[in-house]
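We number each residue from 1, following the sequence as shown.
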Amino acid sequence: MKRGGGRDSDHNSSEEGTAEKSKKLRTTSEPSQTCDWGNLLQDIILQVFKYLPLLDRAHASQVCRNWNQVDSSKESAEAACDILSQLVNCSLKTLGLISTARPSFMDLPKSHFISALTVVFVNSKSLSSLKIDDTPVDDPSLKVLVANNSDTLKLLKMSSCPHVSPAGILCVADQCHGLRELALNYHLLSDELLLALSSEKHVRLEHLRIDVVSENPGQTHFHTIQKSSWDAFIRHSPKVNLVMYFFLYEEEFDPFFRYEIPATHLYFGRSVSKDVLGRVGMTCPRLVELVVCANGLRPLDEELIRIAERCKNLSAIGLGECEVSCSAFVEFVKMCGGRLSQLSIMEEVLIPDQKYSLEQIHWEVSKHLGRVWFPDMMPTW
């Protein structure tokens, strides 16, 4: 019986061992239910992306941030240029070299990109909309654009194009009389450009966007546009939206807001001083929208009141890392009234005082706006 019992024991042990091995095998061979595809190595994802058509790559790049960064590669830009080079029998009306993944066109050899883009310019005789931000487009290629599409071009967006000079963009303005929208960096803006856009043969420009960005850390010099040039521009296009994005350090603002300019939308992406914001209230009477991402710890009460007094068209404002007393903010809203269609103020911006607490202010502001309003709150997660 002992031997029999021993064989039964050995048999049971053997079955248990086999079952355990089978369980381990299944565990290692079956895919894990908790696998995070977003954490795959970028080199592996890139190899997979290479086998996908360009449209599928664009869709895949929207899955998560990691996949988006993988497709923001030189390979995507090269694929786009290959497609452009093949458009020899295709006349385009709209071309936008953009995507959710932002292909790295600046990483390509300049000659390769220009050659591909020139194919489109030469073969498209009715190009009306062109978006070529962050690309190595240059003056000679813009001359090809003008030679073939001057009568049809209505929209041109070309911010962050370091190989274009003021003379290059002036060539476009001189010849493309149908332009209605234009976006470029401040270093391309000149008195000559504004005067060219103001000539009688030009249609009225509807939208002009200017990005004022420090190209190099510590850059402190920016040229000044004459008031007479702005005046001529506004006389010709009185309803134009002049949108200006500022990404400067405080010491770089000196050339700006020294006299009246026709800006309608101002966005300050870096910290901006009380002095500059005070000048905004004095020099931007056409202002419609103001966004201040940061200022510091000195309350902007006087500056905000001045803007409300002088900027009669102001209908949208956003305040981030700065301070305004609750009383001054209520006074600002009271002066602007119901025309404030957008009011985005972080709760941390509002400083309680003797007249209003944070609990009271939303009722008072809502009363003057004619609708329910609450300050924005910073997410806690």
Looking at Arg270 and Ala294, would you say the former's side chain and the latter's main chain have a donor-acceptor pair under 3.5 Å? no

Any side chain to side chain donor-acceptor pair (under 3.5 Å) pairs touching residues 273-283, not counting sequence neighbours? Lys274-Glu303, Asp275-Arg279

Any donor-acceptor N/O pair, Asp301 side chain to Ser325 backbone, under 3.5 Å: yes

Taking all non-hydrogen atoms of both residues into account, name the closest pair between Cys81 and His112 and its distance. CB-NE2, 3.8 Å

Any residue meeting ring-ring contact (aromatic ring centres under 6.0 Å, His included) with Phe257, in chain and number order, not counting sequence neighbours: Phe246

Could you note down all residue pairs passing side chain to side chain donor-acceptor pair (under 3.5 Å) where residues 82-97 supplies at least one of them, sequence neighbours left out? none

Between CG of Leu142 and CD1 of Ile132, what distance do you get to the nearest 0.5 Å? 6.0 Å

ILVMFWY cluster, Met282 and Met335 together (side-chain gap under 4.5 Å): no

Those residues that, when tested against Ser159, pass side-chain contact (heavy atoms from CB on, under 4.5 Å) (two or more places apart): Asp133, Ala183, Asn185, Asp211

Donor-acceptor check, side chain of Asn295 to backbone of Ser271, threshold 3.5 angstrom: yes or no? no

Are Leu266 and Val288 connected in the hydrophobic side-chain network, where two residues link if heavy atoms are under 4.5 Å apart? no

Might you point out which heavy atoms bring Leu87 and Asn123 nearest each other, and give the distance in Å? O-CB, 3.9 Å

Heavy-atom closest pair, residues Asp174 and Ala196: OD1-CB, 3.6 Å

Closest contact, heavy atoms only, Leu97 versus Thr135: CD1-CG2, 4.4 Å

Which residues share a side-chain contact (heavy atoms from CB on, under 4.5 Å) with Pro166, sequence neighbours left out: Leu188

Hphob cluster co-occupancy, Ile351 + Tyr356, side-chain heavy atoms under 4.5 angstrom: no

Any donor-acceptor N/O pair, Thr264 side chain to Leu242 backbone, under 3.5 Å: yes

Considering only heavy atoms from C-beta outward, does the side chain of Leu277 approach that of Phe268 to under 4.5 Å? yes

Heavy-atom count around Arg258 CZ within 6.0 Å, excluding the residue itself: above 12? yes

With a 4.5 Å cut-off on side-chain heavy atoms, are Leu184 and Leu193 touching? yes

ring-ring contact (aromatic ring centres under 6.0 Å, His included) partners of Trp230, counting only residues at least two apart: none

Kindly check if the number of other-residue, nucleotide or ligand heavy atoms within 6.0 Å of CZ (Arg371) is above 12? yes

Evaluate Arg180 against Leu155 for side chain to side chain contact (heavy atoms under 4.5 Å, CB included), listing each step before the verdict. CA-CA 6 Å; Arg180 294 188 180 276; Leu155 180 151; over 6 Å; no

Passes side chain to side chain contact (heavy atoms under 4.5 Å, CB included), Val240 versus Arg204? Steps please. CA-CA 8 Å; Val240 66; Arg204 290 185 172 93; over 6 Å; no

Taking the side chain as everything from C-beta on, heavy atoms only, tell me whether Leu182 gets closer than 4.5 Å to Ile169. yes

How long is the straight-line distance from CD of Glu260 back to CG of Asp231, given to the nearest 0.5 Å? 7.5 Å

What heavy-atom pair brings Leu340 and Ala316 nearest, and what distance separates the two atoms? CD2-N, 4.3 Å

Any chance you could measure Ser126, atom OG, to Leu153, atom CG, to the nearest 0.5 Å? 11.0 Å

Has the side chain of Lys355 got a donor or acceptor atom that lies under 3.5 Å from a matching backbone atom of Pro352? no

Interatomic distance, Leu127 atom CG to Leu92 atom CG [nearest 0.5 angstrom]: 7.0 Å

What are the two closest heavy atoms between Ala232 and Leu195, and how far apart are they? CB-CD2, 3.9 Å

For Tyr245, all residues meeting ring-ring contact (aromatic ring centres under 6.0 Å, His included), sequence neighbours excluded: Tyr267

Scan residues 148-164 for pairs that pass salt bridge (charged side-chain N to carboxylate O under 4.0 Å, His left out), counting only residues two or more places apart or in two chains. none

Scan residues 277-330 for pairs that pass ring pair (Phe, Tyr, Trp, His ring centres under 6.0 Å), counting only residues two or more places apart or in two chains. Phe329-Trp373

With side chains defined as the heavy atoms from C-beta onward, is the minimum distance between Leu208 and Val243 less than 4.5 Å? no

Spell out, as yes or no, whether a donor-acceptor pair under 3.5 Å connects the side chain of Ser115 to the backbone of Ser111. no

Listed partners of Phe233 passing ring-ring contact (aromatic ring centres under 6.0 Å, His included), at least two apart: none

Taking Leu248's backbone N and O only, do any of them form a donor-acceptor pair with Ser214's side chain (distance below 3.5 Å, no angle check)? no

Okay, side chain of Asp376, backbone of Ser344: is any donor-acceptor separation there less than 3.5 Å? no

So CZ of Arg306 and CZ of Arg310: to nearest 0.5 Å the spacing works out to 9.0 Å

For Gln360, look at atom CD and say whether over 12 heavy atoms of other residues, nucleotides or ligands are found less than 6.0 Å away. yes

Look at atom CD of Glu302 and say whether more than 12 heavy atoms of other residues, nucleotides or ligands are closer to it than 6.0 Å. no

Checking His187 side chain against Pro162 main chain: does a donor-acceptor pair fall under 3.5 Å? no

As a quick check of understanding, evaluate side chain to side chain contact (heavy atoms under 4.5 Å, CB included) for Ile317 and Leu304, giving each step before the final call. CA-CA 10 Å; Ile317 186 167; Leu304 210 58; 3.7 Å; yes

Does the side chain of Val146 reach to within under 4.5 Å of the side chain of Cys176, using non-hydrogen atoms? yes

Can you list everything that forms a side-chain contact (heavy atoms from CB on, under 4.5 Å) with His236? Sequence neighbours excluded, please. Ser198, His202

Is any side-chain heavy atom of Leu197 closer than 4.5 Å to a side-chain heavy atom of Ser237? no

Validation row: Val324, Phe332 side chains within 4.5 angstrom (heavy atoms): no

Answer whether the closest heavy-atom distance between the side chains of Asn148 and Ser124 falls below 4.5 Å. no

Criterion side chain to side chain donor-acceptor pair (under 3.5 Å) against Asp138, the qualifying member of Lys143, Lys110, His163: Lys110

Tested for side-chain contact (heavy atoms from CB on, under 4.5 Å) against Cys322, the lone hit among Ile345, Val272, Leu300 is Leu300

Under the 4.5 Å side-chain heavy-atom rule for ILVMFWY, direct or indirect, which residues accompany Phe374? Val372

In Å, rounded to the nearest 0.5 Å, how long is the span from CZ of Phe121 to CG of Leu84? 9.5 Å

